[in-house]
Amino acid sequence: MRTIRTSTRLLLTLCLCAAGQLAHGEDAAPSSDLPAGSVTISRQGAWFVADSKNFQVCSLRGFAEAQAAARYCEAKRLLLINKWNAPALTRAWSPRCQVVLHNSLDGYVRAVGRGSENTLGSSLIWPGRGQITTRKIDVRAEGNYDFASVLPHELTHLVLADCFDGRSAPLWFDEGVAILADPEPK
């Protein structure tokens, strides 16, 4: 019974925060000013890989794109944690989140599955025994895409999963809060 009350209290608190965010508008764009040593790069086959404290970003287009995405994700993660007033979540993610930037629709659909043709991004959170065992974001990174058009929404799902201790938030709430992170035109 205590778990149900705690979950209900958390859900109510997050709902009130969401209402406040709607009333006050979107926060500032995240800064990608992380220390140079906080993102390391490597090559794994065709993939250019950037590793940061909480993310591993894989790109087929180059190190610059992978590094920029890793820095963006780190900064946006901290903004989301602050936005939802969850300072206890600032500990490093274990496991880290893998972000795959697919440079074609075909590659994205192969990774995410049928039905994803009409989406720009997909997040996967796999809970196991009270902790998250997998964090992954797949992004359609075709042409001139913008991190801000996809990553804030998908990162919100990951941060909320931490807020609920690896348990699933109600789907209506999880998606509703993630939509608050979308840019206005979307």
Side-chain angles (χ1 to χ4, degrees), residues 26-84 89-126 132-162 174-175 177-186:
E26 186 57 38
D27 47 7
S31 166
S32 59
D33 299 333
L34 296 176
S38 62
V39 177
T40 60
I41 57 175
S42 63
R43 192 76 193 259
Q44 294 179 14
W47 293 97
F48 297 90
V49 179
D51 289 299
S52 65
K53 184 177 181 181
N54 297 291
F55 297 91
Q56 178 187 62
V57 179
C58 305
S59 167
L60 290 169
R61 290 197 261 202
F63 287 126
E65 180 183 57
Q67 279 184 303
R71 291 170 188 249
Y72 181 89
C73 287
E74 288 288 352
K76 189 63 179 179
R77 176 182 177 263
L78 286 176
L79 273 177
L80 288 167
I81 287 169
N82 289 330
K83 181 178 190 171
W84 299 111
L89 302 180
T90 57
R91 67 187 180 283
W93 275 344
S94 179
R96 290 181 300 156
C97 177
Q98 183 182 52
V99 179
V100 181
L101 305 174
H102 300 277
N103 62 355
S104 72
L105 175 61
D106 290 340
Y108 175 75
V109 172
R110 273 195 309 276
V112 177
R114 284 184 37 203
S116 62
E117 298 86 356
N118 296 320
T119 64
L120 298 175
S122 176
S123 55
L124 172 68
I125 303 138
W126 196 258
I132 296 171
T133 59
T134 301
R135 291 179 177 90
K136 184 178 181 192
I137 296 174
D138 289 280
V139 176
R140 277 179 57 183
E142 308 159 286
N144 292 328
Y145 76 101
D146 180 19
F147 297 141
S149 67
V150 180
L151 288 172
H153 181 105
E154 302 308 330
L155 287 167
T156 299
H157 291 303
L158 297 170
V159 169
L160 285 178
D162 276 351
D174 188 44
E175 195 58 37
V177 170
I179 287 171
L180 291 175
D182 285 337
E184 216 32 63
K186 187 177 173 189

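Nothing fancy with the numbering, it's 1 onward along the sequence. None of these values were measured; they are calculated from a predicted model.
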For side-chain contact (heavy atoms from CB on, under 4.5 Å), just list the numbers for Phe48 and Gln67, CA-CA rounded to whole Å, side-chain angles, deciding distance to a tenth of an Å, and then say yes or no. CA-CA 9 Å; Phe48 297 90; Gln67 279 184 303; over 6 Å; no

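- When atom types are taken as modelled, the side chain of Ser52 and the backbone of Ser38 share no donor-acceptor pair closer than 3.5 angstrom.
- Val57 approaches Ala69 most closely through the heavy-atom pair CG1-CB, 3.7 Å.
- When side chains are defined from C-beta on, Gln98 counts as touching Cys58, because their heavy atoms get closer than 4.5 Å.
- Taking the side chain as every heavy atom from C-beta outward, Trp126 and Lys136 never approach each other to under 4.5 Å.
- Between Tyr108 and Asp138, the shortest heavy-atom contact is CE1-O, 3.6 Å.
- In this structure, Arg114 places its CZ atom where only 12 or fewer heavy-atom neighbours from other residues, nucleotides or ligands lie under 6.0 Å away.
- Thr156 approaches Pro152 most closely through the heavy-atom pair OG1-O, 2.7 Å.
- A donor-acceptor contact shorter than 3.5 Å is absent between the side chain of Gln56 and the backbone of Arg96.
- Closest approach of Glu74 to Asn54, counting heavy atoms only: OE2-N, 2.6 Å.
- Of the possible polar contacts, one joining the Glu154 side chain to the Ser123 backbone as a donor-acceptor pair under 3.5 Å is found.
- A heavy-atom distance below 4.5 Å is not found between the side chains of Lys76 and Leu151.
- No donor-acceptor pair under 3.5 Å is formed between the side chain of Ser116 and the backbone N or O of Thr119.
- Residues Phe55 and Leu155 meet the side-chain proximity criterion, which asks for heavy atoms closer than 4.5 Å.
- Ring geometry, His102 versus Trp47: the interplanar angle exceeds 60°, so the pair is classed perpendicular (tilted spans 30 to 60°).
- Of all non-hydrogen atoms in Leu158 and Leu124, the two that sit nearest each other are CD2-O, 4.2 Å.
- Judged purely by atom type and a 3.5 angstrom limit, Asp51 has no side-chain atom pairing as donor or acceptor with the backbone of Thr40.
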Going through the distances and angles, do Tyr145 and Leu120 end up as a side-chain contact (heavy atoms from CB on, under 4.5 Å)? CA-CA 10 Å; Tyr145 76 101; Leu120 298 175; over 6 Å; no

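- Arg77 places no side-chain N or O within 3.5 Å of a backbone atom of Leu79 that could act as its donor or acceptor partner.
- Across all their heavy atoms, Ala178 and His153 have their closest contact at O-ND1, 3.2 Å.
- Looking at Arg135 and Asp162, a side-chain N of the basic residue comes within less than 4.0 Å of a carboxylate O on the acidic one, giving a salt bridge.
- When atom types are taken as modelled, the side chain of Glu117 and the backbone of Gly115 share a donor-acceptor pair closer than 3.5 angstrom.
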